[in-house]
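Here is the naming used below: chain letters follow the sequence lines, and residue numbers restart at 1 for every chain. Everything quoted here is computed from the prediction, not taken from an experiment.
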Number of protein chains: 2
Amino acid sequence: MSVAAITVHPTSVAVIKYDQGVGRWEPNARGRLEQAALTLYIERGFEQTTVAEIAKRAGLTERTFFRHFADKREVLFWGAGLLQELVVSTVASAPDSVAPIDAVAAALEAAGAVLQERRESARQRQTIIVANAELQERELIKLASLASAITEALRERGVGEPAASLTGEVGIAVFKVAFERWVDETDHRDLSELIRESLDELKAVTAAR
Amino acid sequence: MSVAAITVHPTSVAVIKYDQGVGRWEPNARGRLEQAALTLYIERGFEQTTVAEIAKRAGLTERTFFRHFADKREVLFWGAGLLQELVVSTVASAPDSVAPIDAVAAALEAAGAVLQERRESARQRQTIIVANAELQERELIKLASLASAITEALRERGVGEPAASLTGEVGIAVFKVAFERWVDETDHRDLSELIRESLDELKAVTAAR
DNA sequence: CCCAGCGATGTCAGTTGCTGCCATCACGGT
DNA sequence: ACCGTGATGGCAGCAACTGACATCGCTGGG
């Protein structure tokens with residue numbers, strides 16, 4: 001089975017098979033599964049794609065798919081953990097003088113910068129997600145998890161409740177709005193920029209008289 | 001009514017025949033299914049309950065369950081639509097002089113008052129939900145739908161973007177935080193009160209400078 | 001050099017959520 | 001008396017997952 005036939009994924013290692021038996025199986029099974037899934041989700045849509053088809057295209061079996069991904073949806077979301085780590089560590093490392101909401105904004109901007117570099121694949125991914133309710137549910141729970149992680153990071157900075165929870169949830173709200181604009185806008189403003197703008201707008205909207 | 005029989009004697013199928021053949025089937029199939037589902041979700045947990053069991057306890061078949069509820073989770077969420085209608089109409093009917101964020105807060109407080117009257121069943125329901133990730137996903141998408149509906153109501157009031165989206169999302173954020181406190185707090189503060197407090201806290205947290 | 005254990009995968013059977021299709025049959029109207 | 005309708009039953013089938021066990025190259029200790 002020619003792995004080379006499958007588009008190379010950014011995170012996948014060299015797919016070229018050099019001399020020396022490379023092992024019992026082709027390398028990078030996970031990457032092949034991911035690539036196969038993405039391709040099929042785009043070609044036929046998420047619901048119309050079966051796990052058996054994904055596995056077959058990756059040269060593996062259905063059972064193996066479920067050893068690498070908890071479920072059919074998770075293929076699209078395993079990267080969320082990395083983003084979350086980045087956001088949390090950025091919040092944690094902000095100077096004490098920075099207000100909680102601004103520390104969160106800075107962290108989200110950092111995450112935004114990462115997404116900015118993967119703009120096209122991020123958009124493609126989002127196109128798949130918005131077309132399917134199950135995928136939106138999964139995305140929402142990942143965002144909720146991110147909000148909880150931010151809340152926890154703030155509490156470790158000494159922020160009390162309910163301020164920590166509110167700041168975490170509101171940070172996610174800002175991120176959601178900015179991300180949505182970033183994805184379907186024609187101009188090419190940076191996500192970080194949109195996050196900053198959204199936060200400013202939020203401050204205006206919530207300003208007590 | 002047979003629903004009451006089920007409530008009182010959870011383990012009995014209780015198919016009581018009333019005078020006069022009241023019809024080909026026992027009345028209130030949907031209610032019986034809902035009651036059976038809630039009972040079983042509490043007794044054994046959501047995952048450990050099969051739809052076949054729910055249907056059997058309600059004296060119906062699995063196929064009929066899916067005619068009344070789109071899926072196994074939806075039993076716990078069909079009421080969300082009513083809440084959403086209430087919130088949207090309250091936002092729409094607020095005087096023009098009221099700031100968007102305060103119109104949303106008032107609408108959420110109205111919804112909170114409704115939940116306050118069903119305090120015990122709301123708590124019970126939440127206990128089931130927090131114990132299962134799939135149910136949390138469903139709850140999150142219902143809240144996201146509510147946020148969209150609020151956004152739409154604001155736009156019809158003439159609020160522009162991204163202010164409308166931000167206000168809708170932030171309203172939900174406030175509601176989530178308040179609801180969470182309401183559910184697991186020992187004192188007996190009203191949900192409406194907690195929503196108001198959370199909004200005030202939010203305004204403090206987002207105050208520029 | 002050999003062998004035992006490990007790790008990634010395959011194979012297979014089984015459960016469960018969910019859907020489509022057609023049958024049934026009381027009820028209400030004509 | 002007949003006919004359409006609506007709520008249900010029955011059944012077959014698909015697809016997402018899971019558990020149990022088999023396979024076999026690789027690796028490390030003796």
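- End-to-end axis angle of the helix from C:dC1-D:dG30 to C:dT30-D:dA1, using five pairs per end and rounding to 10°, comes to 0°.
- B:Glu161 places a side-chain N or O within 3.5 Å of a backbone atom of B:Ser165 that can act as its donor or acceptor partner.
- Cation-pi geometry between B:Arg30 and B:Trp78 is satisfied (NZ or CZ under 6.0 Å from the ring centre, within 45° of the ring normal).
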- Task: Could you encode protein contacts along nucleotides 11-16 of chain D as a string, one character per nucleotide from 5' to 3', using B for base contact, S for sugar-phosphate-only contact and - for no contact, with a heavy-atom cut-off of under 4.0 Å?
- Result: B---SS
List every contact pair, protein side and nucleotides 3-8 of chain D side both N or O, where the distance is under 3.5 Å.
unit_1 : atom_1 : unit_2  : atom_2 : d
D:dT8  : OP2    : B:His68 : NE2    : 2.8

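- Using a 3.5 Å distance cut-off with no hydrogens or angles, the side chains of B:Glu53 and B:Thr49 do not pair a donor with an acceptor.
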Contacts under 3.5 Å, N or O only, protein and nucleotides 2-4 of chain C:
none

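- Proximity of residues 132-140 of chain A to DNA chain C (heavy atom under 4.0 angstrom from any strand atom) is not detected for any residue.
- A cation-pi contact, defined as under 6.0 Å to the ring centre and within 45° of the axis, is absent between A:Arg125 and A:Tyr41.
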Hey, can you pull the donor-acceptor pairs under 3.5 Å for the side chains in residues 145-152 of chain B, sequence neighbours left out?
unit_1   : atom_1 : unit_2   : atom_2 : d
B:Ser145 : OG     : B:Gln84  : OE1    : 3.1
B:Ser148 : OG     : B:Ala144 : O      : 3.3
B:Thr151 : OG1    : B:Ala147 : O      : 2.9

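- Side-chain polar atoms of B:Gln126 and B:Glu139 form a donor-acceptor pair below 3.5 angstrom.
- Between B:Phe179 atom CZ and B:Ile195 atom CD1 the span is 9.5 Å, to the nearest 0.5 Å.
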